[in-house]
Amino acid sequence: HPDTYEVWVSEIMLQQTQVKTVIPYWERWMQTLPTVAVLAAAPEQRVLKLWEGLGYYTRVRNLQKAAQRIVAEHAGLFPRGFDGVLALPGVGRYTAGSITSIAFNAPAPILDGNVIRVLTRLFCIAENPRDRATNELLWRLAARLVVAASAHTSLITNHSSLLLSGPCSALNQSLMELGATVCTPLNPQCPQCPVRTHCAAHRTGRVGELPNLGARAATTRREFHAFVVEREEISRDATA
């Protein structure tokens with residue numbers, strides 16, 4: 001039964017940052033700013049100090065702005081609906097889905113790099129997932145999976161029946177964990193994968209080809225130099 005505030009803060013911290021880096025920051029944050037109301041009322045410099053070292057400071061500024069909005073517009077209660085969460089500063093489609101599914105067990109899809117890798121292999125999607133049409137296809141597939149889980153129904157995948165059962169929170173977190181630990185970019189552990197019999201890429205020997213992210217942009221070597229010019233001001237008294 002995760003606390004919504006704790007889930008929200010962790011999801012914002014995990015944007016662009018690895019879990020092992022976030023954990024000690026999250027623990028210190030929760031000790032110092034344990035609720036939405038405390039965060040909303042905290043001095044900005046105190047909030048920034050707690051975030052110091054995580055980078056991407058727009059995240060933490062939006063975090064406090066969102067807390068202040070929750071206090072002002074929602075009586076301090078975190079919005080439960082997907083649209084309400086999505087409307088908060090600093091929250092995008094993925095983060096809103098993650099928060100609502102984990103905290104409220106809502107059938108909201110998520111799609112990050114790990115989930116993209118799992119889905120492109122499971123359904124053998126050869127198109128670049130960065131292309132708009134393919135990305136939207138992946139969002140629809142992620143939605144079908146989490147809705148099927150919430151309804152405890154089977155989903156037909158590649159001519160096989162994949163039985164999915166809730167909670168939605170477990171389904172979404174399992175997809176992320178599967179991509180992070182088993183369905184990895186290099187040397188995926190296919191023999192250990194619980195859905196390998198349903199995986200079209202595994203069956204056709206194309207796991208190593210997917211996801212197809214296109215050609216990597218050529219690296220351009222750039223060199224930067226920085227310098228500081230100081231002008232010594234001499235007062236009239238000193239020259240007198």
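These values consider heavy atoms only, across backbone and side chains, with no hydrogens, waters or symmetry-generated copies.
- A 4.5 Å side-chain heavy-atom check between Phe123 and Leu138 finds every atom pair outside the cut-off.
- Counted by atom type alone, Glu6 and Ser10 present zero donor-acceptor pairs between their side chains at under 3.5 Å.
- Interatomic distance, CG of Leu50 versus OG1 of Thr32, reported as 4.5 Å (0.5 Å rounding).
- Taking CD1 of Ile23 as the reference point, atom CD of Gln18 lies at 11.0 Å (rounded to 0.5 Å).
- In this structure, the side chains of Pro129 and Leu213 come closer than 4.5 Å at one or more pairs of heavy atoms.
- Counting heavy atoms from C-beta on, the side chains of Trp29 and Leu39 come closer than 4.5 Å.
- Leu33 and Phe78 fall within the same hydrophobic cluster, defined by Ile, Leu, Val, Met, Phe, Trp and Tyr side-chain heavy atoms under 4.5 Å apart, directly or through other members.
- In this structure, the side chains of Tyr94 and Val115 stay at 4.5 Å or more apart for every pair of heavy atoms.
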### Message
As a quick check of understanding, evaluate side-chain contact (heavy atoms from CB on, under 4.5 Å) for Ile99 and Phe82, giving each step before the final call.
### Response
CA-CA 9 Å; Ile99 292 170; Phe82 178 87; over 6 Å; no
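- Between the side chains of Glu11 and Thr95, no donor N or O sits under 3.5 Å from an acceptor N or O.
- For the pair His202/Cys193, no side-chain contact is recorded, criterion being any heavy-atom separation below 4.5 Å from C-beta on.
- Asp3 CG to Met30 CE: the interatomic distance, rounded to the nearest 0.5 Å, is 7.0 Å.
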### Message
The test is side-chain hydrogen bond (donor to acceptor under 3.5 Å, both in side chains); show your working for Asn135 and Arg132 and say whether it passes.
### Response
CA-CA 5 Å; Asn135 191 261; Arg132 178 177 296 182; over 6 Å; no
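- In this structure, Cys124 and Arg206 have side chains that are in contact, with non-hydrogen atoms separated by less than 4.5 Å.
- Under the 3.5 Å distance criterion, the side-chain polar atoms of Gln189 are matched with a main-chain donor or acceptor of Asn187.
- With hydrogens and angles disregarded, no donor-acceptor distance shorter than 3.5 Å links the side chain of Asn212 to the backbone of Glu127.
- Side-chain atoms of Thr181 come within 3.5 Å of backbone N or O of Glu177 as a donor-acceptor pair.
- No more than 12 heavy atoms of other residues, nucleotides or ligands sit less than 6.0 Å from atom OH of Tyr56.
- Note on Val38 and Ile70: same hydrophobic cluster, where clusters join Ile, Leu, Val, Met, Phe, Trp and Tyr whose side-chain heavy atoms are under 4.5 Å apart, directly or indirectly.
- Nearest heavy-atom pair, Gln15 versus Gly90, reported as atom, atom and distance to 0.1 Å: NE2-O, 3.5 Å.
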### Message
Run Leu14 and Val19 through side-chain contact (heavy atoms from CB on, under 4.5 Å) and show every step you take.
### Response
CA-CA 6 Å; Leu14 286 166; Val19 174; 3.7 Å; yes
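- Between atom CD of residue Gln68 and atom CG of residue Leu63 there is a gap of 10.5 Å, rounded to the nearest 0.5 Å.
- Here Tyr25 and Trp51 keep their ring centres 6.0 angstrom or further from each other.
- No single ILVMFWY cluster, assembled from side-chain heavy atoms under 4.5 Å apart, contains both Leu86 and Val9.
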### Chi angles and distances behind the side-chain contact (heavy atoms from CB on, under 4.5 Å) call for Arg144, Leu141
CA-CA 5 Å; Arg144 287 179 60 197; Leu141 289 172; 3.8 Å; yes
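- At least one side-chain heavy atom of Leu54 sits less than 4.5 Å from a side-chain heavy atom of Met13.
- For the pair Arg121 (side chain) and Val118 (backbone), a donor-acceptor distance under 3.5 Å is absent.
- Taken to the nearest 0.5 Å, the CD1 atom of Ile12 stands 8.5 Å off from the CG atom of Leu88.
- Put simply, Trp26 and Leu48 are part of the same group of oily side chains (I, L, V, M, F, W, Y) that touch within less than 4.5 Å, one to the next.
- Considering only heavy atoms from C-beta on, Pro43 comes within 4.5 Å of Arg46 through its side chain.
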#### Entry: From CA spacing to verdict: side-chain contact (heavy atoms from CB on, under 4.5 Å), Leu175, Asn114
CA-CA 7 Å; Leu175 285 172; Asn114 288 321; over 6 Å; no
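- Across every non-hydrogen atom of Ile110 and Ser98, the tightest pair is CG2-N, 3.4 Å.
- When all heavy atoms of Val146 and Pro109 are compared, the closest pair comes out as CG1-N, 3.9 Å.
- Note: Trp139 CH2 to Leu119 CG = 10.5 Å, rounded to the nearest 0.5 Å.
- At a cut-off of 3.5 Å, with distance as the only test, a side-chain donor of Asn172 or Ser101 sits close to an acceptor on the other residue.
- Here the side chain of Arg203 pairs no donor or acceptor atom with the backbone of His198 at under 3.5 angstrom.
- Scanning all heavy atoms of the two residues, the minimum distance from Ala126 to Leu210 falls at CA-CD2, 3.8 Å.
- Under the 4.5 Å side-chain heavy-atom criterion for Ile, Leu, Val, Met, Phe, Trp and Tyr, Val207 and Ile125 are members of distinct hydrophobic clusters.
- The salt bridge (charged side-chain N to carboxylate O under 4.0 Å, His left out) pairs that include a residue from residues 47-69 are Glu44-Arg61, Lys49-Glu52, where partners are two or more places apart or lie in different chains.
- Between Pro79 and His74, the closest heavy-atom pair is CB-CE1, 4.3 Å.
- Using a cut-off of 4.0 Å between Lys/Arg side-chain N and Asp/Glu carboxylate O, Glu136 and Arg93 are scored as salt-bridged.
- Across all their heavy atoms, Ala106 and Cys168 have their closest contact at O-CB, 3.5 Å.
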